[in-house]
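Notes follow the structure.
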Amino acid sequence: MAKEMTPKIDTAFDTDSNTKGENLPVQVTSIRLNKDNYLSWSAALEIGITSRGRLSYIAGEKPAPSKTDLRWATWALEDSQVKVWIISSVSADIQPLILRKSTTYDMWTVLARMYGHKKRVLPLKTKSEELDYHVNDDWHCGSDHALYWEKEWMDRTFIFLGGLRDEFESIKSQILNCDEIPGIE
């Protein structure tokens, strides 16, 4: 009597995904991000990423598990796939801004902050005052104040960097690839 063959399942991989053996295309949209088309680019890329079941990576809903967790290898592979899709869909002058980001969500956040806001020609001081006017955060404890100013500093830094001319693109890239945003001093 022939032995019944049963497939062996590798439990180290997430059974909800098709990571192993996938032959996914590098391009998920024909639109390439430049400095003027963020809204149409992000919408097209979200559709492409969603169609491949990876929206949770750009939404920040799938954080990295511990490197000792059996799911880490699958997460790292899938996150890298989405990073490749993002990198291949941005123009060459934007790529250095995101290449060293550790996760897809970090890349997505940088691009949203840099290009997702319509630029208005206002002096930086005016933009900062305008931001202060529209803030309506509820504070529940003393540490909320520190978190607010940390977030505020990041937002103002991105607005400032976004307003720089193209000749400062390499400096923008260096600042954005720092682990900690330096002060203006």
Side-chain angles (χ1 to χ4, degrees), residues 16-19 22-64 74-137 151-178 181:
D16 292 336
S17 69
N18 298 331
T19 304
E22 279 188 45
N23 188 12
L24 296 173
V26 173
Q27 188 175 350
V28 295
T29 179
S30 60
I31 300 173
R32 290 181 72 79
L33 176 64
N34 60 41
K35 293 177 177 144
D36 301 316
N37 68 344
Y38 176 81
L39 292 176
S40 58
W41 169 84
S42 64
L45 196 64
E46 279 186 41
I47 292 168
I49 290 172
T50 300
S51 73
R52 287 159 177 82
R54 304 282 194 270
L55 183 64
S56 58
Y57 287 88
I58 63 171
E61 296 167 355
K62 191 146 187 177
T74 301
W75 178 90
L77 178 62
E78 292 176 354
D79 190 66
S80 293
Q81 288 171 337
V82 180
K83 282 197 247 182
V84 167
W85 295 334
I86 293 173
I87 291 166
S88 67
S89 72
V90 302
S91 63
D93 60 322
I94 294 174
Q95 288 178 355
L97 299 174
I98 59 172
L99 280 175
R100 294 210 174 272
K101 294 301 171 196
S102 59
T103 67
T104 298
Y105 180 69
D106 293 342
M107 284 182 166
W108 192 257
T109 301
V110 165
L111 294 171
R113 286 184 172 174
M114 290 298 296
Y115 302 107
H117 305 289
K118 290 284 186 191
K119 293 180 185 174
R120 287 178 271 164
V121 181
L122 294 172
L124 183 60
K125 183 175 179 6
T126 305
K127 282 187 177 186
S128 297
E129 289 169 351
E130 184 179 297
L131 286 174
D132 288 341
Y133 179 75
H134 293 288
V135 172
N136 192 17
D137 292 335
K151 178 186 168 294
E152 189 68 21
W153 177 249
M154 289 295 293
D155 288 346
R156 290 179 185 195
T157 301
F158 278 103
I159 289 171
F160 174 76
L161 292 173
L164 292 176
R165 294 188 306 249
D166 292 344
E167 64 196 67
F168 297 106
E169 202 69 34
S170 65
I171 294 171
K172 278 198 263 188
S173 176
Q174 290 173 8
I175 291 170
L176 290 172
N177 283 314
C178 289
I181 300 292

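Remember, predicted model here, so these are calculated numbers, not experimental data. These numbers come from the heavy atoms of this one structure, side chains and all, not from hydrogens, waters or symmetry mates.
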Option among Tyr115, Trp85, Trp41 that satisfies the ring pair (Phe, Tyr, Trp, His ring centres under 6.0 Å) test with Trp108: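 Exactly one pass, corresponding to Trp41.
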Mind running side-chain contact (heavy atoms from CB on, under 4.5 Å) on Leu111 and Ile94 for me, showing each step along the way? CA-CA 9 Å; Leu111 294 171; Ile94 294 174; 3.6 Å; yes
Once side chain to side chain donor-acceptor pair (under 3.5 Å) is applied, do any residues pair with Trp75, and if so which ones, sequence neighbours excluded?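 Per chain and number, Trp75 pairs via side chain to side chain donor-acceptor pair (under 3.5 Å) with no residue.
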Which atoms form the tightest heavy-atom contact between [X] and [Y], and what is the distance?
X     : Y     : answer
Ile87 : Gln95 : O-NE2, 2.9 Å
Pro96 : Ala92 : CD-O, 3.2 Å
Arg52 : Gln27 : NH2-O, 4.1 Å
Thr29 : Ala44 : OG1-CB, 3.3 Å

Side-chain contact test, heavy atoms from C-beta onward, threshold under 4.5 Å: evaluate it for Ile86 versus Ile58 and give yes or no.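 Contact flag for Ile86/Ile58 side chains = yes.
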Residue pair Lys62, Asp79: steps toward the side-chain contact (heavy atoms from CB on, under 4.5 Å) verdict: CA-CA 9 Å; Lys62 191 146 187 177; Asp79 190 66; over 6 Å; no
Supply the atom-to-atom distance [X] [atom1] to [Y] [atom2], rounded to the nearest 0.5 angstrom.
X     : Y      : atom1 : atom2 : answer
Tyr57 : Gln81  : OH    : CD    : 8.0 Å
Leu99 : Met107 : CG    : CE    : 6.0 Å
Ser40 : Leu45  : OG    : CG    : 11.0 Å

Exam field: side chain Arg32 to backbone Ser89, donor-acceptor pair closer than 3.5 Å: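 Answer holds: no.
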With no hydrogens and no angle check, just 3.5 Å: does a side-chain donor-acceptor pair link Asp106 and Thr103? yes
Using the test salt bridge (Lys or Arg N to Asp or Glu O under 4.0 Å), find all partners of Asp93 that sit at least two apart in sequence or belong to another chain.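 Salt bridge (Lys or Arg N to Asp or Glu O under 4.0 Å) check on Asp93 returns Lys35.
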